[in-house]
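Encoded as structure tokens, the structure appears first; notes follow it.
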Amino acid sequence: MAKLKFVLREQKQREDGTCPVYLRISHDRKTRFIATDVQVQPSQWNADKQEVRKNHPNDTRYNDHLEREKNKAQDAIIAVKDDHHTQLTAKNIKERITGADLKDAKAYYEKFLNFLKERERHWDYKNYKVVLNKLKAFTDDGPLPFTHIDTDFLRKFETFLKKKPYNNAPNTIYKNLKYLRRVIREAVKEKIIPMEANPFLTYELKKEPVTKDKLSMQQIQKMENLELEPDTWVWHARNFWLFSFYCGGIRFSDVCRLRQENIKEDSDRGKILEYRMGKTGKFKSVKILPQALEILNRYPTTKPEDRLFPLLEKEYPSHWDEQKHIGSKNALVNKYLKTLADKAKIDVNLTFHLARHSYADFVRKRGMDLYSISKTLGHSDLKTTEAYLKSFDEDTVDSALEQAFNGKDTENE
């Protein structure tokens with residue numbers, strides 16, 4: 001028989017110190033959780049009795065609410081058991097409680113978003129949420145059966161995205177459809193719909209070749225040579241960008257999280273930066289060049305837990321909250337990088353990620369081998385690096401062409 005239990009999830013503690021109460025559904029060693037909208041301090045929760053203590057001002061109301069949630073869950077268990085077409089699993093019980101009609105593509109999409117949120121995958125959640133909102137704008141307010149999403153639907157959805165208010169470029173549409181394709185594949189994997197119902201088996205996604213923006217060394221030097229007032233945001237933004245460039249194209253989220261303890265001394269390499277990348281979880285070790293060290297000296301730290309840069313002001317109660325704050329700081333830094341580009345008269349849409357592009361292009365031109373570039377960028381395999389560098393090839397072709405036609409002719413010597 002499936003088991004129900006209310007648990008206080010202290011790992012999801014909020015800024016005010018309260019923790020959410022979840023209903024845990026267990027069956028055949030599998031568990032699912034459902035939020036109850038009850039949030040209390042750990043001292044206000046009785047784990048043995050699974051109820052809110054009397055020291056909470058709303059204990060009676062909260063406990064009545066939990067009792068109703070438990071009764072609803074018990075009814076759902078009986079309903080699933082009586083449904084001969086549905087297997088008794090923790091997942092199916094949860095879906096029966098939440099009332100999700102998983103044959104409805106929009107309801108299933110919402111379920112997938114909850115999956116991302118539970119795992120605190122903030123960036124993925126934001127991207128998938130944007131596509132769901134566009135899908136809702138394209139359809140009416142009612143349900144969207146999976147059977148309605150065919151190749152004709154996808155063609156019309158593409159046309160819709162090209163028009164106002166979205167005016168999406170081809171590659172933005174390509175990414176949007178990739179997210180939708182992933183959700184449909186998950187529905188196939190969970191046997192919500194048969195494989196042959198996946199319209200992307202025959203629908204080709206169209207992607208245009210792109211040329212990644214990057215700065216030349218001359219442009220970077222112009223940026224470095226600017227006289228900027230210290231401790232202003234444009235001054236900070238330049239420091240963060242240059243630090244990333246000189247340290248192998250560190251991502252903004254990783255720059256935010258760096259602490260003094262990430263700096264190590266190596267007898268052979270000197271000062272090195274060691275950290276685990278937030279996006280991939282891979283360990284990265286890079287030598288701190290004099291240019292990067294000079295930037296670090298502008299931000300003195302005293303304790304191992306001190307952050308290297310003033311980007312995250314505090315410790316956050318969850319990874320999700322931290323990611324949200326990093327996103328807002330990234331937008332702020334990108335705003336001041338545009339001011340920096342204007343001051344340096346650099347005609348490029350300067351963003352923090354261009355430090356990564358610029359680093360890859362610079363070391364490639366200096367003859368760094370593919371393996372070393374891949375290692376410093378933190379890619380999982382060489383194919384990823386090859387694809388990353390592919391959009392920089394035009395400059396190499398131009399250079400080879402100029403050398404071929406402007407070089408000295410030695411054929412007849």
Side-chain angles (χ1 to χ4, degrees), residues 22-23 25 32-37 69 72-73 75-76 79-80 83 85-87 89-206 320 324:
Y22 276 72
L23 175 63
I25 308 162
R32 288 291 188 275
F33 293 89
I34 298 178
T36 65
D37 295 327
E69 291 294 301
K72 187 166 70 172
D75 290 342
V80 173
D83 185 349
H85 300 288
T86 306
Q87 184 182 358
T89 65
K91 180 172 80 73
N92 287 337
I93 294 168
K94 177 178 177 179
E95 288 165 0
R96 184 65 63 112
I97 294 170
T98 56
D101 178 8
L102 299 183
K103 296 295 182 183
D104 172 15
K106 285 189 278 192
Y108 182 82
Y109 203 125
E110 294 278 9
K111 172 179 174 281
F112 184 75
L113 283 177
N114 287 333
F115 166 82
L116 296 176
K117 192 168 187 177
E118 285 173 2
R119 281 151 184 79
E120 298 192 330
R121 289 166 55 179
H122 179 70
W123 313 121
D124 285 339
Y125 179 88
K126 281 183 65 177
N127 291 329
Y128 279 93
K129 180 73 171 176
V130 166
V131 178
L132 177 59
N133 289 339
K134 291 178 179 180
L135 197 62
K136 287 180 176 178
F138 175 60
T139 57
D140 56 36
D141 292 334
L144 173 63
F146 274 109
T147 52
H148 288 190
I149 305 179
D150 53 17
T151 52
D152 184 57
F153 177 95
L154 294 177
R155 272 194 294 270
K156 290 176 179 175
F157 186 41
E158 273 204 53
T159 303
F160 171 77
L161 295 176
K162 290 175 185 175
K163 296 178 180 178
K164 290 182 178 180
Y166 299 112
N167 297 322
N168 287 158
N171 285 354
T172 302
I173 295 172
Y174 168 80
K175 288 179 182 177
N176 286 184
L177 291 177
K178 267 184 67 177
Y179 291 129
L180 178 58
R181 182 178 67 182
R182 165 75 190 284
V183 173
I184 290 177
R185 283 178 174 173
E186 289 297 317
V188 170
K189 193 183 297 182
E190 291 190 40
K191 296 184 172 25
I192 304 298
I193 57 173
M195 183 178 291
E196 57 269 21
N198 182 356
F200 288 97
L201 293 175
T202 56
Y203 194 80
E204 183 182 358
L205 300 187
K206 304 174 189 70
W320 179 270
K324 284 175 65 176

Item to complete: Determine, stepwise, if the pair Tyr179 / Asn127 fulfils side chain to side chain contact (heavy atoms under 4.5 Å, CB included).
Response: CA-CA 8 Å; Tyr179 291 129; Asn127 291 329; 3.3 Å; yes

Worksheet item: What's the verdict on side chain to side chain contact (heavy atoms under 4.5 Å, CB included) for Leu154 and Leu180, showing C-alpha distance, side-chain angles and the deciding distance?
Response: CA-CA 10 Å; Leu154 294 177; Leu180 178 58; 3.9 Å; yes

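In summary, the aromatic rings of Phe153 and Phe138 are positioned with their centroids under 6.0 Å apart.
Under the side-chain contact (heavy atoms from CB on, under 4.5 Å) criterion, Thr89 pairs with Gln87, Lys91, Asn92, not counting sequence neighbours. Scored by the side-chain hydrogen bond (donor to acceptor under 3.5 Å, both in side chains) test, Asp75 finds no partners at all (sequence neighbours excluded). Residues forming a side-chain hydrogen bond (donor to acceptor under 3.5 Å, both in side chains) with Glu69 (at least two apart in sequence, or on another chain): none.
Under the 4.5 Å side-chain criterion, counting only non-hydrogen atoms from C-beta, Tyr203 is not in contact with Arg181. Counting heavy atoms from C-beta outward, Ile184 and Pro199 have side chains that approach closer than 4.5 Å. Within the 4.5 Å cutoff, the side chain of Lys189 has no heavy atoms near those of the Met195 side chain. Counting heavy atoms from C-beta on, the side chains of Ile173 and Tyr166 never come closer than 4.5 Å.
Distance CD1/Ile34 to CD1/Ile97: 4.0 Å, rounded to 0.5 Å. To the nearest 0.5 Å, atom OG1 of residue Thr36 and atom CG of residue Leu23 are 8.0 Å apart. Taken to the nearest 0.5 Å, the CG atom of Asn198 stands 7.0 Å off from the CZ atom of Arg185. Of the inter-residue distances, the one linking Glu204 atom CD with Thr151 atom OG1 reads 13.0 Å to the nearest 0.5 angstrom. Separating the OH atom in Tyr22 from the CZ atom in Arg32 is a distance of 14.0 Å, to the nearest 0.5 Å. The distance from atom CZ of Phe115 to atom NZ of Lys111, rounded to the nearest 0.5 Å, is 8.5 Å.
Defined by atom type and a distance below 3.5 Å, a donor-acceptor pair is missing between the side-chain atoms of Tyr108 and Glu186. Using modelled atom types, one finds a donor on one side chain and an acceptor on the other under 3.5 Å when comparing Lys134 with Asn168.
Residues Leu177 and Phe200 come closest through the heavy atom pair O-CZ, 3.7 Å. Listed here is the closest heavy atom pair of Ile93 and Ala76: O-CB, 4.2 Å. When all heavy atoms of Pro194 and Val188 are compared, the pair lying nearest together is O-CG2, 4.0 Å. Taking both residues in full, the closest heavy atoms of Trp320 and His122 are given as CZ3-CA, 3.5 Å, listed atom of the first, atom of the second, then distance.
Using a 4.0 Å cut-off between charged side-chain N and carboxylate O, Glu158 and Arg155 make no salt bridge. Ionic pairing of Lys117 and Glu110 is not present here: no N-O contact between side-chain nitrogen and carboxylate oxygen is shorter than 4.0 angstrom. With respect to Glu118 and Lys94, a salt bridge is recorded, a charged nitrogen being found less than 4.0 Å from a carboxylate O.
Judged by distance alone, with hydrogens and angles left aside, the side-chain atoms of Asp104 form a donor-acceptor pair with the main-chain N or O of Leu144 at under 3.5 Å. Counting only distance, with no hydrogens or angles, the side chain of Asn167 and the backbone of Lys164 share a donor-acceptor pair below 3.5 Å. One N or O on the side chain of Tyr109 and one on the backbone of Tyr128 form a donor-acceptor pair closer than 3.5 Å.
Within 6.0 Å of atom NZ in Lys106, more than 12 heavy atoms from other residues, nucleotides or ligands are found, so the atom counts as buried in its surroundings.
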